[in-house]
Trainee: 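To start, I am sharing the structure in question, which I have written as structure tokens.
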Amino acid sequence: MSDEILINVGIGETRVALVDDGMLRDLVIERSVDDSAHGPCSGGTTGASLVGNLMIGRVERVLPGMQAAFVDIGLPRSGFLGVREAQCLCELMGLRDAGKMPRINDCVREGEKVLVQVLKDPIGDKGPRLSANVTIPGRLLVLVPHQPGVALSRRIEDEGDRARLTELVERVGADVAASETGEDLAKAGWIVRTAALQADEAAVERDARHVLETWREVKERAKGMNGPATVFKELGPVQRVLRDHLNEDTKSVMIDDADAYVKARAYCDAVMPGYADRLRHHTSRKPLFAEHGVDAEIETALSSRVDLPSGGWITVERTEALTAVDVNSGSFTASTNLEQTSHRINMEAADAIASQVRLRGVGGLVIIDFIHLAEDAHKEEVVARLEAGFEGDRTPTQILPMTEFSTVEMTRKRVREPLDRLLLDPIRRDANKTRATVAYEALRAAEAAAVENPGQPLSLHTAPDIVTWLEDSGLMPQLRARLGVDVTLTAVEGARRHHIDVAVMA
């Protein structure tokens, strides 16, 4: 849940910041050019997310020992389809025994064409996670064509609301399915999203018709495809964040690109009537993220050390196996005894840890070494504070009680690449940031200089490898067209990778 959404649309890159109470809670970055190949991104690491896309794939291998199959969907690495995600295919063919999990070789065959949906982007050396139990998302409802019944978001907690929405969606869904598509969706199911709490029956019906029409189009397109091919693409980052995050608690959505702003308003008018007036076009001369302090918070999230208000700090170190967080008291000495000092520092650290884990996209096992506490009540307070920091987080998180050594173990579902893996170079520690990260910073610097010096040609000075990246990326012509002036690239021999300087040409 965010009370402010900031959207920066630049050359080849869109960045979305979700801000709550003035603090950056989450960050979405999607790029059109890959860091290594200088070509269109295939998704996952640095490109547009593939999650939600529907693909026609070809089953490459069926592994009965793993109860899984690998499916070619046109990416460098094949997708992983587990038996749980494939069992709906057995149900559609009437091959599944009631109450018994099928075997993967009953669900799919090698060489077979199959319609799948991306559940998780490629992460590291792992391919995307796939499911044959596809879904079509709307703003209020999600259509589940192969699974009957009505399920509700876990954040809808009131029993009265749950009963009301279940009855409403059962009735509306049945009526709309019968009138729109006939008997083939008699067993379709629905997931009710949290946004439906604030919607009336007409809005629910409108959303149901929209997703059913989308599903009909998907089936028609899929008939003529052999794969691998994309049948349905999720919304772009701007529309997607409006659909998933814009709600009654959102005070404003700031967008710094005129075209993106117009498209966002059109999307709101069509899908979310009544919310368009919360959109704002950022026209200040100062870049949007810099004006709101987001760039500074991103830099903090890329550092291993995060300072605490009282003088202590936390250190965050991520490895392949886990993420370790260490809490240090630093110079804080205001409390009268060691227990009070430890308690206060740990409470501040709990806030910072929750914020940094969410912002950095940390997933998997996290081990937190708090400063030692002797009193059980203080241990419980610190853990409760940590849990409170994850309220409203869409990513499932489990936190265990504090041990006698004042350590806490928690797990968080891996849903994306961590921020440091996206923006930092894992090999060249002296350079720190990847070439793509610095190149996009250079493009933003050129745009900022153009605002300050309208109509003046510019010269962008940076390190030789960044110049090469920009020349090969195909983004420079887009920059020149957007600014309406000539921008030349100048390589500064011997410069560190992060060197960026923009000069006005005479």
Trainee: Evaluate the criterion side chain to side chain contact (heavy atoms under 4.5 Å, CB included) for residue pair D425 and T437; output intermediate values, then yes/no.
Mentor: CA-CA 9 Å; D425 193 324; T437 299; over 6 Å; no
Trainee: Apply side chain to side chain donor-acceptor pair (under 3.5 Å) to residues E13 and S32 and explain how you reach the verdict.
Mentor: CA-CA 6 Å; E13 181 185 56; S32 63; over 6 Å; no
Trainee: Give a yes-or-no answer on whether the side chains of E60 and S78 include a donor-acceptor pair shorter than 3.5 Å.
Mentor: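 There is such a pair between these side chains.
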Trainee: How would you list, by chain and number, every residue that makes a salt bridge (Lys or Arg N to Asp or Glu O under 4.0 Å) with R15, sequence neighbours excluded?
Mentor: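 Here the qualifying residues are D295.
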Trainee: Do NZ/NE/NH1/NH2 and the carboxylate oxygens of E375 and K379 come within less than 4.0 Å?
Mentor: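 Between K379 and E375 there is no salt bridge, as every charged N stays at least 4.0 Å from the carboxylate O atoms.
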Trainee: Please round to the nearest 0.5 Å and tell me the distance separating atom CD of Q356 and atom CG of L24.
Mentor: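 CG of L24 is found 9.0 Å from CD of Q356.
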Trainee: Once salt bridge (Lys or Arg N to Asp or Glu O under 4.0 Å) is applied, do any residues pair with E339, and if so which ones, sequence neighbours excluded?
Mentor: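 In terms of salt bridge (Lys or Arg N to Asp or Glu O under 4.0 Å), with neighbours along the sequence ignored, E339 is linked to no residue.
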Trainee: How would you list, by chain and number, every residue that makes a ring-ring contact (aromatic ring centres under 6.0 Å, His included) with Y261, sequence neighbours excluded?
Mentor: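 Applying ring-ring contact (aromatic ring centres under 6.0 Å, His included) to Y261 gives H281.
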Trainee: Got a sec, which residues hit salt bridge (Lys or Arg N to Asp or Glu O under 4.0 Å) with R162, two or more places apart in sequence or on another chain?
Mentor: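 R162 satisfies salt bridge (Lys or Arg N to Asp or Glu O under 4.0 Å) with no other residue.
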Trainee: Does either side chain, that of Q198 or that of N247, offer a donor lying less than 3.5 Å from an acceptor on the other one?
Mentor: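 No donor-acceptor contact under 3.5 Å links the two side chains.
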Trainee: Any ion pair linking D244 and R139 (charged N to carboxylate O, less than 4.0 Å)?
Mentor: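 A salt bridge is absent here (no side-chain N lies under 4.0 Å from a carboxylate O).
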Trainee: When you check the side-chain N and O atoms of E348 and S310, is any donor under 3.5 Å from an acceptor?
Mentor: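 S310 and E348 do have a side-chain donor-acceptor pair below 3.5 Å.
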Trainee: Under a 4.0 Å threshold between the charged nitrogen and the carboxylate oxygen, would D393 count as salt-bridged to R412?
Mentor: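 Between D393 and R412 there is a salt bridge, with a charged N closer than 4.0 Å to a carboxylate O.
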Trainee: Under 6.0 Å from the six-membered ring centre of F80 and within 45° of its axis: does the NZ or CZ of R129 meet both?
Mentor: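 So R129 doesn't make the cation-pi contact.
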Trainee: Examine the side chains of T300 and S303 and answer whether a donor and an acceptor come within less than 3.5 Å of each other.
Mentor: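 No pair is found: no donor N or O on one side chain lies under 3.5 Å from an acceptor on the other.
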Trainee: I need the single residue from L119, V118, V116 that forms a side chain to side chain contact (heavy atoms under 4.5 Å, CB included) with S131. Which is it?
Mentor: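 Of all the options given, the one that passes is L119.
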Trainee: Just so I know, are the side chains of T323 and E317 near enough to count as touching, which here means a heavy-atom distance under 4.5 Å?
Mentor: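 The answer is no; the side chains never approach within 4.5 Å.
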Trainee: Among residues at least two apart in sequence or on other chains, which ones pass salt bridge (Lys or Arg N to Asp or Glu O under 4.0 Å) with R103?
Mentor: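 Per chain and number, R103 pairs via salt bridge (Lys or Arg N to Asp or Glu O under 4.0 Å) with no residue.
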Trainee: Could you grab the distance from atom CZ of R360 to atom CZ of R416, nearest 0.5 Å is fine?
Mentor: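 Between R360 CZ and R416 CZ, I get 12.0 Å after rounding to 0.5 Å.
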Trainee: So, applying side chain to side chain contact (heavy atoms under 4.5 Å, CB included) with T411, which one of V366, I399, L365 is it?
Mentor: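 When V366, I399, L365 are each tested with T411, the side chain to side chain contact (heavy atoms under 4.5 Å, CB included) holds only for L365.
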Trainee: Would you indicate whether R171, at its atom CZ, is surrounded by more than 12 heavy atoms from other residues, nucleotides or ligands within a distance under 6.0 Å?
Mentor: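 Yes, enclosed.
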Trainee: Here's one to test your reading of the geometry: is the NZ or CZ of R240 within 45 degrees of the ring axis of Y267 and under 6.0 Å from its centre?
Mentor: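 The answer is no; the distance or angle limit is not met.
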Trainee: Is it true that the side chains of S153 and T194 contain a donor and an acceptor less than 3.5 Å apart?
Mentor: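 Yes, side-chain donor-acceptor contact under 3.5 Å.
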Trainee: Tell me, please, which residues at least two apart from E234 pass side chain to side chain donor-acceptor pair (under 3.5 Å).
Mentor: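 E234 satisfies side chain to side chain donor-acceptor pair (under 3.5 Å) with R243 once adjacent residues are dropped.
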Trainee: Does either side chain, that of E4 or that of T250, offer a donor lying less than 3.5 Å from an acceptor on the other one?
Mentor: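 No, T250 and E4 have no side-chain donor paired with an acceptor closer than 3.5 Å.
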